[in-house]
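Remarks on the structure that follows.
Only heavy atoms go into these numbers, but all of them, side chains included; no hydrogens, no water, no symmetry mates.
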Amino acid sequence: MTLSICTAQLNFVVGDMPGNAQKIIAAAREAYAQGARLLLTPELAICGYAAEDLFLRPAFIAACDDAVKTVARETAGLKGLAIVLGHPQSLAPDAPAFSACHNAASVVRDGRIEQTYAKRELPNYQVFDERRYFVAGAAPCVFEVAGVRVGVLICEDAWFAEPARSAAAAGAQMLAVINASPFHLGKSAEREATMRERVAETGLPLVYAHLVGGQDEVVFEGRSFALNADGSVAGRAPGFEEKLVFALVHQAQSAIKIEADIAPQKSLEADLWDALVLGVRDYVGKNGFPGALLGLSGGIDSALVLAVAVDALGAGKVRTVMMPSPYTADISWIDARDMAERLGVRYDEISIQPQFEAFKAALASDFAGLPEDTTEENLQARIRGTLLMAMSNKFGAIVLTTGNKSEMSTGYCTLYGDMAGGFAVIKDVAKTRVFDLARWRNANDPYGTGANPIPDRIITRPPSAELRPDQKDQDSLPPYEVLDAIVARYMENDEPIESIIASGFARADVERVTRLIKLNEYKRRQAPVGIRVTRRSFGKDWRYPITNKFRA
């Protein structure tokens with residue numbers, strides 16, 4: 001006996017329940033036409049993940065309920081097709097605001113809901129806050145389709161042993177895990193390794209259905225997969241793209257074997273690039289912006305952001321503005337113009353010298369007798385931010401900021417200046433990785449927008465904000481290799497200061513970097529949302545008080 005399973009690795013929009021329902025219905029019809037009799041949708045597919053405090057609004061849950069009914073009604077004619085549908089389920093339909101609900105998966109077949117499973121393990125770490133919204137379930141859910149008994153789990157359930165064991169004890173012959181698990185570098189391998197543990201413990205094969213798409217700061221990479229009972233990979237979908245993924249489940253007596261296509265694995269840089277591209281495309285597209293614009297400085301960060309933006313949106317929807325100051329080197333505008341030409345984007349130059357002189361003149365009496373310092377440097381950044389935001393207001397395009405994680409960590413960024421904008425593309429990308437990605441993109445053209453887009457001199461010249469004569473980033477910071485390693489240990493991995501020092505880093509460097517991380521919390525609170533690509537970003541999974549005397 002053979003069962004065809006379809007995993008709907010789709011990109012849903014949070015809050016668009018009618019649109020999400022129609023996407024699921026279309027997937028169900030196509031899957032059925034191709035012979036599938038089991039369709040798996042991702043976690044909370046009906047409403048998108050994560051809907052955050054929308055879950056606390058009764059009207060939102062009611063709209064989700066209506067969408068579930070729509071899916072059941074519109075797929076009733078697909079006789080024998082079982083749909084595992086992810087959705088929130090209210091504990092009490094008429095409950096007041098702030099009532100709890102379940103993170104649920106319903107088995108929908110022949111126009112009705114046969115049974116509903118409530119997620120048992122509710123994550124409350126990193127970007128997750130599920131205990132704020134959901135009540136945990138307790139009972140397993142096993143249903144039969146084409147002679148195969150399938151046990152349902154939802155995401156975090158499969159990271160613990162007990163829910164899978166309960167499904168096995170309830171008679172499951174295979175596990176179907178529906179998921180919305182945010183991307184970070186290395187997460188795909190972690191998932192497969194953990195699911196292999198569940199397979200080893202239960203002796204059951206497993207199908208892992210995963211969401212794809214960008215939602216605010218998080219990205220879901222898809223890459224749904226299947227494991228056989230011996231832990232071997234039976235199938236794997238491509239990452240970072242929508243796809244209906246089919247797998248055949250062969251049953252001979254009590255033995256089950258899964259067969260599907262296996263997409264090749266990609267490099268770390270390729271995954272990171274795809275995540276950034278998808279994050280930009282979905283943030284711009286799902287929020288209705290007609291395009292994007294950015295300040296192109298001739299430096300490495302803005303060059304990388306431009307390359308990502310063009311891969312995400314196409315050259316016709318990206319505009320660049322070079323805004324030279326008295327300290328801008330000629331090679332900066334030459335390289336910026338060169339890169340814009342290579343990628344075919346609109347390029348404008350607006351000198352900020354008149355505005356800079358006007359600001360200094362307006363402040364001359366107050367600043368009389370005082371030397372120029374970071375005040376004048378920041379004026380330049382704020383003039384640029386004002387010009388970019390004016391263009392955004394006039395034309396509707398979103399401003400992409402170009403600051404990286406190293407700068408966000410240490411505060412080497414200007415409030416209302418280079419931090420002014422709507423979306424921070426490389427906010428979670430350390431400076432050393434910025435250079436790695438630039439080299440990788442020059443050697444690869446994954447979206448067909450142009451090979452070697454970044455002039456080599458942009459990559460090889462020493463980084464500089466060019467806000468004073470002969471300025472270099474490393475004038476006042478440790479080398480980026482050192483800085484980024486300290487940030488990763490302290491900020492991403494919570495390693496104590498003394499432990500970092502003991503591992504070989506200079507005390508002065510560690511003390512300086514960790515002090516800067518603490519002092520600049522107030523800036524990060526005012527930064528635009530940006531794409532999360534590491535285990536811990538300066539976003540939902542970094543919640544430190546601004547007023548704070550403790551330093552670990």
Heavy-atom closest pair (I497 atom, E511 atom, distance to 0.1 Å) is CG2-OE2, 4.2 Å
- prompt: Taking side chain as C-beta onward, heavy atoms only, is Y490 less than 4.5 Å from S409?
  reply: no
Self-check item: Salt bridge E521-R525, side-chain N to carboxylate O under 4.0 Å
Solution: yes
Checklist entry - Could R191 and Y208 be counted as a cation-pi pair, given that NZ or CZ must be under 6.0 Å from the ring centre and within 45° of the axis? => result no
Original post:
Any sub-3.5 Å donor-acceptor pair from S406's side-chain atoms to K431's backbone N or O?
Top reply: yes
Test item: Y544 and F550 side chains (from C-beta on) under 4.5 Å apart, heavy atoms: no
Check your understanding: Quick check: are there more than 12 heavy atoms from other residues, nucleotides or ligands sitting under 6.0 Å from CZ of R433?
Key -> no
In the structure I gave you, are the side-chain heavy atoms of E156 and S181 within less than 4.5 Å of one another anywhere? no
Q) With a 4.5 Å limit on heavy-atom distance, are the side chains of I458 and D338 in contact? A) no
Whether over 12 other heavy atoms sit under 6.0 Å from K243 NZ
no
Inspect the contact between R281 and D311 and indicate whether a charged nitrogen and a carboxylate oxygen are less than 4.0 angstrom apart.
-> no
Establish, yes or no, whether a centroid distance under 6.0 Å links the rings of F356 and F359.
no
Identify each donor-acceptor pair in which a side-chain atom of residues 415-428 lies under 3.5 Å from a protein atom, sequence neighbours left out, and give them as a table.
from, atom 1, to, atom 2, distance (Å)
Y416, OH, Q526, OE1, 2.8
D418, OD1, T414, N, 2.6
D418, OD1, T414, OG1, 3.4
K427, NZ, P528, O, 3.0
K427, NZ, F538, O, 3.2
D428, OD1, K405, NZ, 2.8
D428, OD1, T534, OG1, 3.1
D428, OD2, V533, N, 2.8
D428, OD2, T534, N, 2.7
D428, OD2, T534, OG1, 2.8

More than 12 foreign heavy atoms under 6.0 Å from CZ of R515: is that the case here?
no
Tell me whether R532 is salt-bridged to D541, with the criterion being a basic N under 4.0 Å from an acidic carboxylate O. yes
Expected output: side-chain E221 to main-chain A275 donor-acceptor under 3.5 Å = no
Original post:
Would you call R439 and E269 a salt bridge, taking side-chain N to carboxylate O under 4.0 Å as the test?
Top reply: no
message: So that I can tick it off, tell me whether R507 and E498 are bridged by a salt bridge, with the cut-off set at under 4.0 angstrom between side-chain N and carboxylate O.
response: yes
For D509, the salt bridge (charged side-chain N to carboxylate O under 4.0 Å, His left out) test, sequence neighbours excluded, returns none
Item to check | Electrostatic pair R536:D494 at N-O distance under 4.0 angstrom | outcome: yes
Closest heavy-atom pair, W542 versus S537, reported as atoms and distance to 0.1 Å, is CB-O, 3.2 Å
- Do the side chains of F435 and T460 get nearer than 4.5 Å, heavy atoms only? no
